[in-house]
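Here the structure comes first, spelled out in structure tokens, and everything after it is commentary.
On a predicted model such as this, the values are computed, not experimentally measured, just so you know. Naming convention: chains lettered A, B, ... in sequence-line order (proteins, then strands); numbering from 1 in each chain.
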Number of protein chains: 2
Amino acid sequence: MLRVLVVDDQALVRRGFAMVLSNEPDIEVVAEAGDGIEAIDAARTHKPDVILMDIRMPELDGLESTARILTEVGDETRIIILTTFDPDEYIYRALRAGASGFVLKDIPPETLVAAVRTVAAGGAMLDPTITRRLIARFAGELGTEQDYGERLDRLTVREREVLEAIADGKSNVEIADALFIGPATVKTHVSSVLSKLGLRDRAQAVVFAYECGLAKVGARDVGF
Amino acid sequence: MLRVLVVDDQALVRRGFAMVLSNEPDIEVVAEAGDGIEAIDAARTHKPDVILMDIRMPELDGLESTARILTEVGDETRIIILTTFDPDEYIYRALRAGASGFVLKDIPPETLVAAVRTVAAGGAMLDPTITRRLIARFAGELGTEQDYGERLDRLTVREREVLEAIADGKSNVEIADALFIGPATVKTHVSSVLSKLGLRDRAQAVVFAYECGLAKVGARDVGF
DNA sequence: TCGCGCCTCCCCTAAAAGGTGGAGGCCGGC
DNA sequence: GCCGGCCTCCACCTTTTAGGGGAGGCGCGA
């Protein structure tokens, strides 16, 4: 059962969203709040799975409220930002604040419900126009058309496995252990990885792995 | 009426998607293609509004095909990339190639239909996990910055500079050169970075730098 | 069947990296 | 003034890497 908190200063809007969500068998609206302060209190009290958060509110706006809930209360709660108007001015702040969703209030009810389920499952849901903008920004950032994949393709399967292990911060001995082979073999593989990719040492190999997408930020725990 | 081209090397899958879409009153499947070459030809001939493009195909894969259609045929056509498996390895290339959507094949039919209408209207539709990744990348930090930031704060300014240089793939000598200090000094800094952060070697330091956001994917050129 | 690529392991050497301890200079707070 | 943190360097030592060989086994296609 997904536990949802609805935050909006307009009682009618609030009730509308709450009713739409309550109609779903797997969703329960555990509380409502009329401003940012109430929202933080309610988040602390009820620990909802998802919060629907309006931006324009008295006392404390939805973005500030979002940031404070995620840092002070806990980041297990997923927050979807709702807005009536043009998202331009808010979207960047919202994403930085840690929102998992950003949608316009005029979306159809089933989309809202889908958004709640999506963010609860760890995904993110943005308004399509925002997604497009993010993509454009992202694609623009990656200026050079170099295809690192091609360089990766030159590696054998085993070598790629070794490279992944290197990008995991493992030493040769640890790699040998993980792949059930001898340390000498690992050294052989490491050498061919470096020479095939034109790298000098394993540190550069780690950089390469991250840059070409073989290693992904957030996909691991830096515990070492 | 939205004119759609369906591209997939598996005829059954292709027909399935085509039938789902054809059931919609405002959508018409104008052509189907079984590989990337056929896709380009069909795009040139029919000028569809939206193309559903599988990635894995003989001759020319979906990503290459996407890039060529957008550059050679025209960019009025919106392209949605479909994949069965883990999107991680393809997503960066897909977005760079200019795709407007990237979804897994296991989405419910109504979502697929919604995706087609969304991208045709100028929006973008990504799988929720990808959206989340994009947001994380955009925000640059997102939670993890808190934890790792604390560990980063233990470093002095100079040590952080050295760590950045390490994350750039530089050797100790190169770092000394870049910072106008002696190699021995670099070794001192490297040692304190490793011990302060609880890391074993510079490869782990590179991993740490990427994970905590000190180094960012795409912010550099892997030329070495 | 023969070759070829891949995986496995061994030898050797040289270079780089990491650990420890110490030293001097500089600056800011107590 | 004195102390402490920071930056700068040095020397000595051990461990880890990287490079260059070679070699056997195995599967697969010519």
- Could you tell me the separation between the CD1 atom of I175(B) and the C1' atom of dG18(C), rounded to a whole number of Å? 13 Å

- Task: Specify the closest pair of heavy atoms between A94(A) and I81(A), including all atoms of both residues, with the distance to one decimal.
- Result: CB-CG1, 4.1 Å

- Is any NZ, NE, NH1 or NH2 atom of the basic residue among K105(B) and D54(B) found under 4.0 Å from an Asp or Glu carboxylate oxygen of the other? yes

- Write down the distance between CD1 (I181(A)) and P (dC26(D)), rounded to a whole number of angstrom. 17 Å

- Message: Nearest to the L194(A) side chain among dG18(C), dT8(D), dG19(D), which nucleotide is it?
- Response: dG19(D)

- Note on the structure: Taken to the nearest whole Å, CD/E174(B) to P/dA15(C) is 17 Å

- Expressed in angstrom and rounded to an integer, what is the separation of I166(A) atom CD1 from dA18(D) atom C1'? 11 Å

- Item | Side-chain donor/acceptor contact of T188(A) with base of dC9(C) under 3.5 Å | yes

- Message: Whole angstroms only, please: what is the CZ-C1' distance between R158(B) and dC9(D)?
- Response: 13 Å

- Query: Just by distance, do the side chain of D49(A) and the backbone of R3(A) share a donor-acceptor pair under 3.5 Å?
  - Reply: yes

- Task: Could you check how far NE2 of H189(A) sits from C1' of dC6(C), rounded to whole Å?
- Result: 8 Å

- Query: Would you say dG18(C) has OP1 or OP2 under 4.0 Å from some side-chain N or O of R202(B)?
  - Reply: yes

- Query: Which is true for V173(A) with a 4.0 Å heavy-atom rule: it touches a base, it touches only sugar-phosphate, or it touches nothing?
  - Reply: nothing

- Message: How many whole angstroms separate atom CD of Q204(A) from atom P of dT17(D)?
- Response: 16 Å

Side-chain donor-acceptor distances from residues 39-48 of chain B under 3.5 Å, at least two apart:
unit_1: T45(B); atom_1: OG1; unit_2: D41(B); atom_2: O; d: 2.9
unit_1: K47(B); atom_1: NZ; unit_2: V73(B); atom_2: O; d: 3.4

- Task: Check whether any side-chain N or O of R78(B) sits under 3.5 Å from a backbone N or O of A120(B) as a donor-acceptor pair, and report yes or no.
- Result: no

- Query: Which one, dA18(D), dC9(D), dG18(C), comes nearest to the side chain of S191(B)?
  - Reply: dG18(C)

- Task: Send over the distance from N172(A) CG to dT16(D) C1', rounded to a whole Å.
- Result: 8 Å

- Report the nucleotide, chosen from dT8(C), dC9(D), dT17(D), that has the shortest atom-to-atom distance to any side-chain atom of S171(A). dT17(D)

- Mapping K196(A) and F180(A) to their closest nucleotides on DNA chain C, which lands nearer the 5' end? K196(A)

- With heavy atoms under 4.0 Å as the rule, sort T156(A) into base, sugar-phosphate or nothing. sugar-phosphate

- Candidates dC10(D), dT17(D), dC9(C) - which lies nearest the side chain of D201(B): dT17(D)

- Nearest to side-chain heavy atoms of K187(B), which nucleotide of dT17(D), dA17(C), dC9(D): dA17(C)

- Closest-nucleotide 5' rank along DNA chain D - winner of V157(B) and P183(B): V157(B)

